[in-house]
Amino acid sequence: MSFRNIFLFLLVSFLSTNLIAQNDIELESPALLEAKVGEGVVFLVKYDRQNNQDLKLTWKSSILDANFDDQEGEFYWKTDANDIGLHSVFFYLKDSADQIVSTSKTLIKINAYESVPTIEMEPDSLESRAFIKLLQGEEYNLEFVATTANSSNEDDVILNYIWNNNTDLNSIDQAETHIIGNRLLLTWTPSQNQASKKYFDLDLIAVDNTNAVNRRKYRFQIVSQELPPRLRNNVNDSYIITADQKLDIDFSVNDPNNDPIVYSVDIPVNLGAPSIDQNGIFSWELSAIEMSNISSYFPLKITLRAEEADDSKNFVEKEVTILKSDKNDPPSITKLSNLSIREGYDLKRRIFIKDNNHPISDLTFTLENEPDWLYVQQQNGRVFLMTDTIGFDIVKADGIPVQFDVLFTVTDPDGASDSKFFTVTVNEGVNTEKLYEQLIDYQKSTDALLVGLRKQIKELDSKVQRNQRLKKGLLFTTFFLGTFSATGSFFEDHTIANKSIPYAGALLAVTSSVNALAFNQEGKIINLRGRLEDVEKSIVRNKSYLNTYSIEDENDDELRNSELVNRVQSYRQALIEQRIELRRLEDEYRDLNYVQRKVRKFNKKGKVDNLRWNFIDKI
């Protein structure tokens, strides 16, 4: 036998063996099905019944209440709350000798129904009735918190609100509303007009990461009440009156109910015509002779009073001591500006004071309602408002600046004083140590992510290259067999080559069919690889932005750069979005045929988690 005939014989034998293998009976059932509690699980188990009528279809499973029609191949199971978890069903094809010809396995995962978010109000003591009762003129600080059982991350819940069923109404009078993630903060001092209106509705809408939605209505009832007047400004305990100089004390008030106010003063003397006008300004001016005539009355105590004209039980009053001074000029605060400071910094701001009778070192300085870190210090005849380095626990998580209204008072040795209010505003600062830790953590996370991502891209690329090589091999086989069949008439009769021509023709048809159908997912693989490469490019590009900043340690001044702070925040948001996209791509990856085969293989070994893209968890 010639070498050529031997080669053709071996080739025909090889292709014939593959053809027989492809004709094996295949039992088909879904590899994995998911359903929620209470749903029915229905699917068909298929095989070539027409050409295999002598075969018998059987099944086995630990599911007690499932049903299987072996004639139609239909599986049915009505699930309940006790079925949450993973279940297995096995199907078998047996011949007349009760031998297994083909098998198939289906995994069924039963999931619990996702619950809707819950919304709670703090303090909950106000929810004792259908209406939440708020008293007019009282300040209330309410907090509403939304949580979900579907996630342990509070960032996975979004909270929104609607006032009085009006989507265009963002706020109401006397109320401040701030939303911080899953929390709504409401500070509300109901007014008299709101007490007249009486009822207000606040609808809260919570949506979690599974798109589960809950809406809860809170109904408020504003209860009117009579409130006493309140002083507009601080009134000192003592004042000094100087001969031939007018003394004015501002005792003006606000009335929460807008009732008319009557002012009065109780003073034991009449000289100098002491009086208080309709605006609450007490005035008194004494000549030197008049002051001398009533010298024995000093220190003199007076009582200032403001009461509602229609109800004298609602009032405010204060006792003030008036000292006399023939020559002393009270100290004067000539310049005291509002302060603005940022967390992480300290402050030193000068106060300008004038006193014609005493040196600065003899004066006394006090602060009222001041924060712990603010104090007054004298240096070389000057007065400064100073702070320690402000910590990063002042401004709340919403980033809204915090304000302190502080009263500064200067008093001389004779008891004369001057006071002024000023505002201290603390703005959110940059915690360089925390920012540095975030920066290092994001860089490490990105490096680990890129390693896993590159490995996955290489796997898909290798799969594409392998398919391309197989495709070329099948094209060559198709061409060779076609040529071999076409030239068969040139072989001598009764030779092996001549007899092989019909088989070659049949194999040509089979090879052409495989060539046309075997690579129907190549486009999906190429598309998935391209989208992974796009994510990789985006990550590398974002990382390169951070690498443009040269940071040595947590004390580097560059960390205070607002542009860098914004970059880090944007980078964190980008990582979150990329994580979501990669999880979506992972689902598409697991739907590929060759990956499904791996899933079935790893399921048998109990190592299916090895196929997860664990590198996504590095984010």
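The structure displayed is predicted, hence computed values, not measured ones. These values consider heavy atoms only, across backbone and side chains, with no hydrogens, waters or symmetry-generated copies.
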Q) Please walk me through it: do Tyr218 and Asp201 pass side chain to side chain contact (heavy atoms under 4.5 Å, CB included)? A) CA-CA 6 Å; Tyr218 290 90; Asp201 291 340; over 6 Å; no
(Q) Return the CD to CG distance between Glu120 and Leu204, rounded to the nearest 0.5 Å. (A) 11.0 Å
Q: Return the minimal non-hydrogen interatomic distance between Ala31 and Gln596, and the atom names on each side.
A: CB-OE1, 4.2 Å
Q | Donor on one side chain, acceptor on other, Ser171 and Thr177, under 3.5 Å | A | no
Q) With no hydrogens and no angle check, do the side chains of Thr187 and Asn141 hold a donor and an acceptor under 3.5 Å apart? A) yes
(Q) Using every non-hydrogen atom in the two residues, find where Pro123 and Leu142 come nearest and quote the distance to one decimal. (A) CD-CD2, 3.9 Å
Q. Within 45 degrees of the axis of the six-membered ring of Tyr594 and under 6.0 Å from its centre: does Lys463 put its NZ or CZ there?
A. yes
(Q) Assess the residue pair Arg454 and Ile457 against the criterion (side chain to side chain contact (heavy atoms under 4.5 Å, CB included)); give the C-alpha distance rounded to whole Å, side-chain angles, the decisive distance to 0.1 Å, and a yes or no. (A) CA-CA 5 Å; Arg454 174 43 51 187; Ile457 292 172; 3.5 Å; yes
Q) Any idea which heavy atoms bring Pro30 and Thr106 closest together, and the distance? A) O-OG1, 2.6 Å
Q. Can you find a heavy atom in the side chain of His178 that is under 4.5 Å from one in the side chain of Ile400?
A. yes
**Q.** Residue pair Asp65 / Trp77, side-chain donor-acceptor N/O under 3.5 Å
**A.** yes
Q | Side-chain donor or acceptor of Asp208 paired with backbone N/O of Ala212 under 3.5 Å | A | yes
Q.
Restricting to non-hydrogen atoms, name the atom on Thr118 and the atom on Asn214 that form the minimum distance, rounded to 0.1 Å.
A. CA-ND2, 4.1 Å
Q. Would you call Lys36 and Glu39 a salt bridge, taking side-chain N to carboxylate O under 4.0 Å as the test?
A. no
Q: Might you point out which heavy atoms bring Glu72 and Leu44 nearest each other, and give the distance in Å?
A: O-CD2, 3.9 Å
Q. Just how far is it from atom CG of Leu184 to atom CD1 of Ile179, taken to the nearest 0.5 Å?
A. 5.0 Å
Q.
So for atom NZ, which belongs to Lys217, do other residues, nucleotides or ligands contribute more than 12 heavy atoms lying within a distance under 6.0 Å?
A. yes
(Q) Using only atom types and a distance under 3.5 Å, with no angle test, would you say the side chain of Gln221 pairs donor to acceptor with the backbone of Lys198? (A) no
Q. Hey, does Ile132 have a side-chain heavy atom less than 4.5 Å from the side chain of Tyr140?
A. no
Q.
Quick one, Asp70 and Thr58 - any side-chain contact, counting heavy atoms below 4.5 Å?
A. no
Q) Would you say Asn182's side chain and Thr147's backbone share a donor-acceptor pair under 3.5 angstrom? A) no
(Q) With heavy-atom distances below 4.5 Å as the criterion, would you say the side chains of His87 and Ser61 are in contact? (A) no
Q: Give a yes or no on whether a salt bridge exists between Arg183 and Glu143, defined as a side-chain N under 4.0 angstrom from a carboxylate O.
A: yes
Q. With a 4.5 Å heavy-atom cut-off, do Leu134 and Pro190 have their side chains touching?
A. yes
(Q) Are there over 12 heavy-atom neighbours, none belonging to Ile158, within less than 6.0 Å of that residue's CD1? (A) no
Q: Answer whether the closest heavy-atom distance between the side chains of Leu57 and Tyr92 falls below 4.5 Å.
A: no
Q) Going through the distances and angles, do Phe144 and Tyr161 end up as a ring pair (Phe, Tyr, Trp, His ring centres under 6.0 Å)? A) CA-CA 10 Å; Phe144 302 86; Tyr161 67 95; 9.7 Å; no
Q. Going by atom types only, do Asn111 and Glu34 share a side-chain donor-acceptor pair under 3.5 Å?
A. yes
Q) Of all heavy-atom pairs between Asn164 and Phe200, which one has the smallest distance, and what is that distance? A) OD1-CA, 3.5 Å
Q: Please check if any side-chain donor atom of Lys524 sits under 3.5 Å from a side-chain acceptor atom of Asn593, or the reverse.
A: no
Q: Please determine, by modelled atom types, if Tyr589 and Glu459 share a side-chain donor-acceptor pair under 3.5 angstrom.
A: yes
**Q.** Aromatic centroids of Phe68 and Tyr76 separated by under 6.0 Å
**A.** no
Q.
For Asp98, is there any backbone N or O sitting under 3.5 Å from a side-chain donor or acceptor partner on Asp95?
A. yes
**Q.** Residue pair Asp203, Arg216: steps toward the side chain to side chain contact (heavy atoms under 4.5 Å, CB included) verdict
**A.** CA-CA 6 Å; Asp203 285 277; Arg216 183 170 180 182; over 6 Å; no
Q) Counting distance only, does the side-chain N/O of Arg531 pair as donor-acceptor with the main-chain N or O of Leu582 below 3.5 Å? A) no
Q. Would a 4.5 Å heavy-atom cut-off, applied to side chains only, mark Ile205 and Leu159 as touching?
A. no
Q: Indicate yes or no: at least one non-hydrogen side-chain atom of Leu528 is less than 4.5 angstrom from one of Leu592.
A: yes
Q: Please lay out, stage by stage, how Thr103 and Leu27 fare under the test side chain to side chain contact (heavy atoms under 4.5 Å, CB included).
A: CA-CA 6 Å; Thr103 65; Leu27 187 61; 5.5 Å; no
Q.
Using only atom types and a distance under 3.5 Å, with no angle test, would you say the side chain of Asp83 pairs donor to acceptor with the backbone of Thr79?
A. no
Q) Do Trp188 and Glu139 get their side chains close enough for a donor-acceptor pair, meaning under 3.5 Å? A) no
